[in-house]
2 protein chains.
Amino acid sequence: MAKDVAGRQPKYQRIAAELKDAIAAGEYGPGARLPGESDLMSRYGVARMTARQAFGVLQAQGLAEARKGAGVFVREYQVVIRRRGIQRLAVEVWGAGGSIWDVDGKGREPVVEFLGVTDEAAPDAVAAVLGLGEGATACVRRRRFLLDGKPVMLATSYLDAALVAGTPVAEPDSGPGGIYARLAELGYGPARFREEIRSRMPGPDEAARLGLTAGTPVVLVCRTAYTAEGKAVEVNEMVLDSAAYVLEYEFDAR
Amino acid sequence: MAKDVAGRQPKYQRIAAELKDAIAAGEYGPGARLPGESDLMSRYGVARMTARQAFGVLQAQGLAEARKGAGVFVREYQVVIRRRGIQRLAVEVWGAGGSIWDVDGKGREPVVEFLGVTDEAAPDAVAAVLGLGEGATACVRRRRFLLDGKPVMLATSYLDAALVAGTPVAEPDSGPGGIYARLAELGYGPARFREEIRSRMPGPDEAARLGLTAGTPVVLVCRTAYTAEGKAVEVNEMVLDSAAYVLEYEFDAR
DNA sequence: GCATCGAACATATCTAGACATCTACTGGCG
DNA sequence: CGCCAGTAGATGTCTAGATATGTTCGATGC
């Protein structure tokens, strides 16, 4: 093996680096087809598994995407949704009955696909935050957001089932202004929010439900809504396609 | 090949799923060593490359980590740093001369490793935000944050070089309260911040500088500081190890 | 008792070839 | 002209090896 001439770098990494440079140099634009496995085999004089490994590096970085039977393609930039964490939730928005997604910019609003409302036991951490006692159930609302038919976010809301039973919150259509407006009518209007943000690679189930290609992480946003008295009334766990979203928070220095 | 009995699932995915279940069931705790490649070969009757592919799935999901010559291990949960976006930057904190990292919780404060200050051309997008004219340079401060000796964040600040020339901002040690206190003394104290958050897989360089294992995405935070007059005075691009950080934003509904 | 060397073992890389499965294109047929 | 079957070509999966390189740990020697 002629490893020494490559400066101790495995062949597949060198090939991957060259392809990456070629992409960066504009030789292959977004959506363009990269050389096939057999092309790399003859060009670099390697076995097919080695060429595949090189493609594997690019796919793991989210730079390329293989389509079975067609080839390996440079991944196209995805549409970016700006999600403004703070203005989105201002009382002026949901208090007036407008959808909180109205401010999401540039007319590209995800479409909500409602997946169901159930009463079930909440995860321990969620139950603790909501102050649910032993055996108490949560009202769980599951939704999926689609942009141009492509899923971009999964959302799961947890509320105290005893609090919202019989109200539109427990119905598929929660009415104008969403569940925050309903909570306000019940005397539990959210006054303060906390959002916690993490990121990791998706599990196989999340990748399937979001239609993610290899090398695309997910962003986890966990939002907790508090009343003015400091009672947590809703926990909303969101799983976002990281290629589709930019989160934005704007705030004063005081 | 006995594909049909597995319900159309490739062998390597089935093996990966079984290992994952075993991890979830607690058979292999954090840091424990998983069965070796030859173990899987004999247990499932597959070739070496197939067993390796199964490990590859777990590594891509960030669940396992291979150490050459030693084995494949369940990845340990990393220490989590809470980064509070809003309180961190309140004037009470930096205005009083305290480090903005003081509020980062639980005594686990990253140590700043200073990488240098230079005057150089800023990227186009940054130059546009800062209002830098043609040929104007930016004062660029690069830092790396370490927790227990392990790098967890890379940060690059851009400021108008003409504004901060000759001040401590252009020095390695920017003095008590950091560069925001210095900017305030110059009459450009930040009054408003915007943080934009994205996530993606790291490039080879980022992975190396943060010591990331395969399957760990990075979180990108781009913070822009504005004066009360709306002038952007600083752009801070941060690259975070997603396994080390939880970002937190807390805000009122009005 | 401690340091060092070496063998056993583990993963990392690579080859050469086989069969499976999906895509896209090309003809031919209605 | 349009639809559809056939086919070439592409990636996906899998095997069975070989060689390279790093880790671990016991045995040896000082």
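Every heavy atom of this structure was used, including side-chain atoms; hydrogens, water molecules and symmetry mates were not. These numbers come from a predicted model, not from an experiment. Throughout, protein chains are lettered first and strands after them, A, B, ... in sequence-line order, and every chain is numbered starting at 1.
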Just wondering, do Met201(B) and Met201(A) contact through their side chains at under 4.5 Å, heavy atoms? yes

For DNA chain D, which residues of residues 48-60 of chain A approach it to below 4.0 angstrom with any heavy atom? Arg48(A), Met49(A), Arg52(A)

Below 4.5 Å, heavy atoms only, C-beta onward: do Leu34(B) and Ile23(B) meet side chain to side chain? yes

Specify the separation, in whole Å, of atom CD1 of Ile15(B) and atom C1' of dC14(D). 11 Å

State which of dT21(C), dA12(C), dT15(D) makes the closest approach to the side chain of Glu37(B). dA12(C)

Rounded to whole angstroms, how far apart are CE on Met41(B) and P on dC9(C)? 15 Å

Looking only at heavy atoms, the pair that brings Arg143(A) and Arg141(A) closest together is NH1-O, 3.0 Å

Within the 4.5 Å heavy-atom criterion, are Val129(B) and Tyr158(B) side-chain neighbours or not? no

Which residue, Ala47(B) or Gly71(A), contacts DNA chain D at a nucleotide closer to its 5' end, judged by nearest heavy atom? Gly71(A)

Between dT13(D) (C1') and Tyr44(B) (OH): distance, integer Å: 18 Å

For residues 205-218 of chain B, please give each side-chain donor-acceptor pair under 3.5 Å, one per line with the distance, not counting sequence neighbours.
residue   : atom : partner   : partner atom : Å
Glu206(B) : OE1  : Arg200(B) : NH1          : 2.9
Glu206(B) : OE1  : Gly203(B) : N            : 2.9
Glu206(B) : OE2  : Arg200(B) : NH2          : 2.9
Thr213(B) : OG1  : Arg75(B)  : NH1          : 3.4
Thr216(B) : OG1  : Arg75(B)  : NH1          : 3.1
Thr216(B) : OG1  : Arg75(B)  : NH2          : 2.9
Thr216(B) : OG1  : Thr213(B) : O            : 3.2

Nearest to the side chain of Tyr12(B), which nucleotide is it out of dC14(C), dA12(C), dT13(D)? dT13(D)

Could you state the CD-P distance from Glu65(A) to dG12(D), rounded to the nearest angstrom? 11 Å

Rounded to whole Å, how long is the line connecting atom CZ of Phe73(B) with atom P of dT23(D)? 11 Å

Consider salt bridge (Lys or Arg N to Asp or Glu O under 4.0 Å). Of Arg83(A), Arg84(A), Arg82(A), which one does Glu196(B) pass it with? Arg82(A)

Please list, chain by chain and in numerical order, all residues satisfying side chain to side chain contact (heavy atoms under 4.5 Å, CB included) with Gln13(A), sequence neighbours excluded. Gln9(A), Pro10(A)

Applying a 3.5 angstrom cut-off to the pairing atoms, does DNA chain C sit in any stems of at least three consecutive Watson-Crick or G-U pairs? List them by first number. C:1-30 with D:1-30

Nucleotide of dA10(D), dT15(D), dT11(C) approaching Arg33(A) most closely (side-chain heavy atoms): dA10(D)

In this structure, how many angstroms lie between the C1' atom of dT11(C) and the NZ atom of Lys68(B), rounded? 7 Å

Think Lys11(A) has a side-chain N or O under 4.0 angstrom from the OP1 or OP2 of dT15(C)? yes

Mind listing the side-chain donor-acceptor pairs of residues 35-46 of chain A below 3.5 Å, one per line with the distance, residues two or more places apart or on another chain?
residue  : atom : partner  : partner atom : Å
Glu37(A) : OE1  : Arg48(A) : NH1          : 2.3
Glu37(A) : OE2  : Arg52(A) : NH1          : 2.7
Asp39(A) : OD2  : Gly36(A) : N            : 2.9
Ser42(A) : OG   : Ser38(A) : O            : 3.3
Ser42(A) : OG   : Asp39(A) : O            : 3.0
Tyr44(A) : OH   : Glu18(A) : OE1          : 2.8

Rounding to a whole Å, what distance do you find between Arg67(A):CZ and dC22(C):C1'? 12 Å

Result for 5'-nearest mapping on DNA chain C, choosing between Ala70(A) and Asp39(B), is Asp39(B)

The complete set of salt bridge (charged side-chain N to carboxylate O under 4.0 Å, His left out) pairs with one or both residues in residues 112-121 of chain B, sequence neighbours excluded, reads Glu113(B)-Arg144(B), Glu120(B)-Arg142(B)

